[in-house]
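Every chain is numbered from 1, with letters handed out A, B, ... down the list of sequences.
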Number of protein chains: 2
Amino acid sequence: MSGRVVTLKTKTKARVRKGGGGGAGAPSVPDIVQILRERIARQDVAPGAKLGEQELAEEFAVPRTRIREVFGVLESRGLIDRIPNRGAVVSRLELDHVFHLYDVRQVLEGLCVRLATENAPPETWDEFVELFGAPMDEFVKARDFDAFIVVYERFRSRIIEWARNPVAARMLDSIYEKTNVIIRRIVILPGRAVEGLSEHRAVVAAMRAGDGETAERLKRTNLQNAKETLRRFQKYVL
Amino acid sequence: MSGRVVTLKTKTKARVRKGGGGGAGAPSVPDIVQILRERIARQDVAPGAKLGEQELAEEFAVPRTRIREVFGVLESRGLIDRIPNRGAVVSRLELDHVFHLYDVRQVLEGLCVRLATENAPPETWDEFVELFGAPMDEFVKARDFDAFIVVYERFRSRIIEWARNPVAARMLDSIYEKTNVIIRRIVILPGRAVEGLSEHRAVVAAMRAGDGETAERLKRTNLQNAKETLRRFQKYVL
DNA sequence: GATCACAAAATTGCTAACAACTTTGTTGAC
DNA sequence: GTCAACAAAGTTGTTAGCAATTTTGTGATC
C-alpha cells in the first residue's frame, strides 16, 4: 500500500549529452536498421534466430524503445517476424518466395539495364567489356568465385547508379538483401558460372552499342536462366 | 559459410485475443499503418501536413510509443518525412519521382499481366471483355470517370490476384499508394480515357487468347503512353 | 514601426518502473 | 517413469513522468 513510487531525483545527471570524450554517439534508428539488414543479409544471424530487444539495446547502447522502432521497420520490410509477447525472429526464406523474388528481379534489373544504357555514355561500359573478358575467364578457371562475384556486384551497382531511378534502386535493394545468400550458391552450381558469363558478355555488348532494348531482353533471359538453374538444383541449394 | 544453424521450435498455441467485448480493441501497429496509408493515399491529409504524435495517440486511444513505431514504418516506406525534434510531415510528391514510379510500375504491371495470363483460366477475362466494351463507352460518353476508374481498379486487382506473386503485389501496392491521386488526374486529360480504353481492349484480348507475352508488351505500352500524356500536361496535373 | 532578446508553452525524445505473458524448472501424484 | 500442476525467472508490452528542443508570444530598444 505504499502508494505510487515517485522518483525524486532533484539531482540531475546533467549534460551527459553531446560527444563528451566518448567518441561514437548513439546510433539512430536508420543506422541500426542498416546494421541489422547487413547482418541478416550476410547470415551473420541465421534465419529463425531470435533477436532480443534488451540484448540489442545493450549492444548499441540505446533505449529499448528505439530497438522496438527498428523492429517495426524490419518487420515492414519482411526481414523479421514478430510474435506478440514472444519477440522477433529472422524470417525464413521459403522456396516459393525465392522464385517470386527472381521474377520481380528479372523485370526490375531489365528496366535498369535499359535506363542505364540510355543514360550513360557508351564508354562507361568499356571497363566491363574488359573485365568480362580474360580476367573473368581466369576467375572461373581458378574457381575463384569470390572475385567473380565482386565483379558482378560492381557491374550491378554501376548499372543502378546510371539507371538514375531511386524507386527501382530501392526495390532491388530490398530484393538483394534477401537473395544475396542464394546468389552465392547459384554461381557454384555446375556450369552456371560460364553460362552466366557468356550471357553477361552479350548484355555488355548491347549496352556498349547503345541498344537498350536488346540489353534489357538479354538481361531478362540471363536471370530467367539463373532461375531455371536454381529450380533444377533447388534441393541442393535450399 | 556454414550450413543451416538454428532450428526454431514453434509450438503453436491457440491464442485468445482479449480484445473482444464490444469490438473496439486498441488497434495494433499494422492496423494504424494501414489506416494512415489510406488517408495519405486519398489525400485526406495533404502533402506537407504535420502529423502529431499526441494527437494520433489520442485519436486511436493507444500509447504514444505505438504511434512512434508506426512513424518508423511510414518513414521507411517513404510516406512521411521525420525531422528530429520537429515531428513528421506527409511527404511531397516530386514530379521526377512520379516518372520514376511510372517506369517501375510499367515493368511490374507488365510482369503481373503476363503471370496472370499464364495462371488464370482464359474465361477469367470474359468479364472484362464485356466490361471494356459497351459499358465503358457509356462511361466515357457520360464523363462518369468514377465508374470508369472503378472498373480499372477491379481489373487491376484481378490481375494481381491471379499473378500470384506477393512480392510484386506488395511493391505495386507501395506504388499505388503514392500515385493514386495522379491517376485520377490523368484520366480526365483530353483524349486519355478513350486512348487508354482502346489500349486496354487490346490487353484484355491478348489475355483472353492466352498470349501472355503480347499482353505484357501491350500493358507496358499502355503505361508508357499514360506517362507521355502526363509529361505533356504536367503543368496542369501537378 | 521593425527587430532582437527572452520567457512561456507545446512537442518530441528518453528513462525507468510496472504489468502481462511465456518459458523453464521443480514438485508431487499416478 | 510419466505427466500435470505450480512456482520462479526472464522477456515483451505499456505507462507515466522527466528532459531537451522548437515554437510562440511578449516586451524593450533603436
Side-chain angles (χ1 to χ4, degrees), chain A residues 1-20 22 24-33 36 45 48-76 80-90, chain B residues 6-21 24-33 36 45 48-75 80-90:
Chain A
M1 186 128 355
S2 66
R4 187 162 298 282
V5 177
V6 176
T7 59
L8 48 97
K9 45 171 74 173
T10 37
K11 175 110 174 268
T12 57
K13 44 181 177 180
R15 71 209 63 170
V16 268
R17 208 67 196 118
K18 298 280 195 236
S28 70
V29 169
D31 291 339
I32 301 174
V33 167
L36 292 184
V45 290
K50 185 181 171 188
L51 298 177
E53 293 184 358
Q54 202 144 339
E55 194 184 350
L56 291 171
E58 284 172 18
E59 177 186 343
F60 292 110
V62 296
R64 198 156 61 92
T65 49
R66 196 176 290 180
I67 298 296
R68 207 146 235 289
E69 206 176 314
V70 169
F71 279 5
V73 175
L74 258 34
E75 182 184 29
S76 91
I80 64 173
D81 297 319
R82 284 169 97 183
I83 308 161
N85 291 319
R86 291 192 42 195
V89 297
V90 180
Chain B
V6 172
T7 55
L8 178 67
K9 39 188 159 176
T10 37
K11 191 190 294 183
T12 329
K13 201 166 262 189
R15 198 162 58 80
V16 180
R17 192 171 287 266
K18 77 151 113 176
S28 70
V29 169
D31 292 340
I32 301 173
V33 167
L36 292 183
V45 291
K50 185 181 171 185
L51 299 177
E53 294 184 357
Q54 203 140 334
E55 194 185 348
L56 292 171
E58 282 171 19
E59 177 185 344
F60 293 111
V62 296
R64 200 156 57 90
T65 50
R66 198 176 290 180
I67 299 296
R68 206 146 234 289
E69 206 176 313
V70 168
F71 279 5
V73 175
L74 257 35
E75 183 185 29
I80 65 174
D81 296 317
R82 285 170 96 182
I83 307 160
N85 290 319
R86 290 190 46 193
V89 299
V90 179

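As rounded to whole Å, 7 Å separates atom C1' of dG13(C) from atom CG of Asn85(B). We find that CD of Glu53(B) is positioned 13 Å from C1' of dT21(D), with the value rounded to whole Å. Between Gln54(B) atom CD and dA9(C) atom P the separation is 16 Å, expressed in whole Å. Atom CD in Glu58(A) sits about 13 Å away from atom C1' in dG10(D), given to the nearest Å. With rounding to whole Å, Glu69(A) atom CD is found 9 Å from dC14(C) atom P. Between Ile83(B) atom CD1 and dT12(C) atom C1' there is a gap of 12 Å when expressed in whole angstrom units. Distance Lys50(A) NZ to dG10(D) P: 13 Å, rounded to the nearest Å. Taking atom CD on Glu75(A) and atom P on dG13(D), their separation rounds to 10 Å, with Å as the unit.
At the phosphate of dG13(D), neither OP1 nor OP2 sits under 4.0 Å from any side-chain N or O atom of Arg66(B).
In terms of heavy-atom proximity, Leu36(B) sits nearest to Val70(B) at CD1-CG1, 3.9 Å. What you find for Ile32(A) and Phe60(A) is that their closest heavy atoms are CG2-CE1, 3.9 Å. Taking each heavy atom of Arg66(B) and Val29(B) in turn, the nearest pair found is CG-CG2, 3.5 Å.
Contacts of Arg64(B) with the nucleic acid, taken as non-hydrogen atoms under 4.0 Å apart, include base atoms.
Positionally, the nearest nucleotide of DNA chain D for Gly87(A) lies more toward the 5' end than for the other of Thr65(B) and Gly87(A).
Across dT14(D), dT23(D), dT12(C), the shortest atom-to-atom separation from the side chain of Arg86(B) is found for dT23(D).
Side-chain atoms of Lys50(B) and Glu55(B), non-hydrogen and from C-beta on, never get closer than 4.5 Å to each other.
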